[in-house]
Protein chains: 2
Amino acid sequence: MSTVDKALSLLSIFTADKPQWTVEAAAERLGVPASTAYRYFRSLTSAGLISDFSAGRYVIGPAIIELDRIARRTDPLIVAAQRPMDDLKLAAPKDNVILLSRLFRTCVMCVDQRTRGDHVMSLSFERGRPMPLFRSSVSKVILANLPSRTLSRIYDDERSAIATAGLGEDLYEFRAALREIRRAGFYISHGEVDKGVVGISAPVCSPDGDVFASISLVVPEGTMCADELRRSSQLVVKTASAISAALMGFAEPSNHNFSNVSSFGPESNFLED
Amino acid sequence: MSTVDKALSLLSIFTADKPQWTVEAAAERLGVPASTAYRYFRSLTSAGLISDFSAGRYVIGPAIIELDRIARRTDPLIVAAQRPMDDLKLAAPKDNVILLSRLFRTCVMCVDQRTRGDHVMSLSFERGRPMPLFRSSVSKVILANLPSRTLSRIYDDERSAIATAGLGEDLYEFRAALREIRRAGFYISHGEVDKGVVGISAPVCSPDGDVFASISLVVPEGTMCADELRRSSQLVVKTASAISAALMGFAEPSNHNFSNVSSFGPESNFLED
DNA sequence: GCATTTTTCCCAAAGAACGAGAATTTTGTT
DNA sequence: AACAAAATTCTCGTTCTTTGGGAAAAATGC
């Protein structure tokens with residue numbers, strides 16, 4: 001672990017549960033002396049990744065918000081999914097939520113969302129929130145399509161979590177459960193995350209051809225009959241294909257020039273030093 | 001400049017204009033040899049700050065989106081402004097946009113926004129976008145309240161930009177212009193950023209008492225008579241005070257426990273290693 | 001104003017980054 | 001499946017930086 005890695009690990013202690021840190025507390029948490037922690041804090045602060053809010057209390061910094069905007073506007077997955085998501089939102093029964101998610105570390109994270117209708121469900125899953133790999137349709141369609149090697153490793157590490165999630169009591173059952181999801185090409189969950197909520201998800205491929213993301217249609221339980229459910233599932237699968245296809249276009253160097261940047265001059269902070 | 005700083009400077013080349021980088025191109029841009037650039041890329045990638053999208057093409061990573069959500073939910077300024085912004089949105093003439101902005105480096109950046117009405121203007125300024133210090137009401141009410149020393153330094157560095165912006169041909173005029181904004185307690189701009197758009201902004205104080213943020217009401221030109229404009233300005237000033245006051249509450253250690261985190265268990269990626 | 005906290009500074013020893021090129025892995029193509 | 005090209009990691013002596021305990025300084029709070 002290099003010095004840079006150690007300094008960056010400071011960033012990961014800023015969580016939703018503990019979003020404010022003093023240098024002293026962080027030093028103890030990271031197991032480094034105070035003087036070293038101060039050095040790390042100074043570096044991250046000057047990069048804007050963290051920010052000192054009133055003497056000694058540090059929080060996540062403005063650079064994160066700036067970078068997030070750039071990601072929203074230029075991330076290949078997010079941009080490629082833009083239109084397909086809007087189409088799905090309109091084609092699906094109203095009062096729905098569309099979620100675009102991707103593999104991140106050993107979780108699946110929502111990276112974009114759309115909402116249609118006035119009686120919107122309140123979902124715990126939302127943009128930026130990680131979701132365990134074994135829970136929800138959002139995750140399962142990705143998990144099911146991971147390389148065989150990866151799955152073995154995951155099974156070894158998470159045997160009990162997998163059993164709890166009902167994904168099998170041994171490696172054979174686990175593989176069988178995932179094979180079924182893979183074969184179907186989509187997965188429907190009922191209340192796995194929020195009560196009274198149905199999720200329909202399908203896998204999205206990177207230009208390299210491996211599944212790393214998913215697109216999901218979320219509706220309140222009981223809004224669809226079996227037939228509608230089947231139609232909607234096909235809709236979600238089609239949307240997933242559309243996104244995968246659009247992603248291909250981004251593999252080439254400068255296929256997109258992102259110059260929908262109109263407005264007040266080129267995107268430069270002209271006071272930046 | 002430490003090694004950590006150098007590695008972090010890699011992050012700042014990912015801009016809206018150039019959001020995709022190869023290691024080679026970045027190495028040249030940063031003026032470091034390829035092997036060093038690979039080291040930096042590896043560190044930032046493993047922290048999730050950047051991500052390799054299809055062989056050799058790196059983009060901003062998912063950790064940014066994750067951190068952005070935490071900021072949205074826990075940043076003192078954003079949280080403190082939540083209710084005041086909603087109140088302002090409802091109290092102001094419909095078809096309005098509310099912008100919460102803060103000083104960042106030598107710019108002012110929008111950190112949160114609200115929209116009311118169907119005929120929403122399309123604004124170039126939005127969450128995450130930096131705005132030059134000398135442009136727009138959003139910036140000017142902050143600029144006007146910066147410490148005297150800071151203003152002198154800024155004037156020396158940006159003499160021509162200041163003249164162009166009509167903020168004075170010499171330091172004396174510059175100070176006079178800002179004094180007037182400070183005295184009024186708010187500022188109204190007409191089409192400084194987007195044509196046909198009026199912005200009304202007032203300054204927000206940190207718990208330490210210095211102005212570092214602003215709250216703005218944005219409406220289409222011509223929707224308000226002089227009298228309404230005056231009333232709205234007072235509304236914005238009141239909102240600014242409310243935010244400043246709410247911010248005080250965050251200065252204390254664990255005044256807020258942020259436990260509106262309901263849903264699927266504690267916020268831990270239970271697969272994280 | 002003084003006491004407390006936060007932050008920077010100091011410096012010699014220890015350890016990590018550096019960087020050119022080789023080796024390896026991954027990727028794309030016939 | 002074999003090959004060419006690109007991307008990435010590895011190697012290793014040299015050089016430069018981080019390290020960390022404590023002192024000093026600056027900022028903060030009362």
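Here is the naming used below: chain letters follow the sequence lines, and residue numbers restart at 1 for every chain.
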Participant: Please enumerate all residues that pass side-chain hydrogen bond (donor to acceptor under 3.5 Å, both in side chains) together with A/Arg39, with sequence neighbours excluded.
Facilitator: none

Participant: Give the residues of residues 39-52 of chain B touching DNA chain C, defined as any heavy atom closer than 4.0 Å, sorted by residue number.
Facilitator: B/Arg39, B/Tyr40

Participant: Pick out the pairs of N or O atoms, protein on one side and nucleotides 25-30 of chain C on the other, that lie under 3.5 Å.
Facilitator:
none

Participant: Does C/dT8 have its OP1 or OP2 closer than 4.0 Å to a side-chain nitrogen or oxygen of A/Tyr38?
Facilitator: no

Participant: Please collect all ring-ring contact (aromatic ring centres under 6.0 Å, His included) contacts where either partner lies in residues 66-85 of chain A, sequence neighbours excluded, each pair once.
Facilitator: none

Participant: Please enumerate all residues that pass side chain to side chain contact (heavy atoms under 4.5 Å, CB included) together with A/Ser206, with sequence neighbours excluded.
Facilitator: A/Asp208, A/Asp210, A/Phe212

Participant: Which residues satisfy the side chain to side chain contact (heavy atoms under 4.5 Å, CB included) test with A/Arg153, sequence neighbours excluded?
Facilitator: A/Thr150, A/Asp157

Participant: Near DNA chain C, under 4.0 Å by heavy atom, which residues of residues 3-10 of chain A?
Facilitator: A/Thr3

Participant: How sharply is the helix from C/dG1-D/dC30 to C/dT30-D/dA1 bent, taking the axes over five pairs at either end and rounding to 10 degrees?
Facilitator: 80°

Participant: List in chain and number order the residues that pass side chain to side chain contact (heavy atoms under 4.5 Å, CB included) with B/Lys6, two or more places apart in sequence or in another chain; answer none if no residue qualifies.
Facilitator: B/Met1, B/Tyr40

Participant: Looking at residues at least two apart in the chain, or sitting in another chain, which of them share a side chain to side chain contact (heavy atoms under 4.5 Å, CB included) with B/Ala47?
Facilitator: A/Leu8, B/Leu49

Participant: Under 4.0 Å from any heavy atom of chain B: name the first and the last nucleotide of DNA chain D that qualifies, 5' to 3'.
Facilitator: D/dA7 to D/dT18

Participant: Within the 4.0 Å heavy-atom criterion, would you say B/Ser2 contacts the bases, only the backbone, or no part of the nucleic acid?
Facilitator: sugar-phosphate

Participant: My understanding is that only residues two or more places apart in sequence, or in another chain, count here; which of them pass side-chain hydrogen bond (donor to acceptor under 3.5 Å, both in side chains) with A/Arg72?
Facilitator: A/Asp68

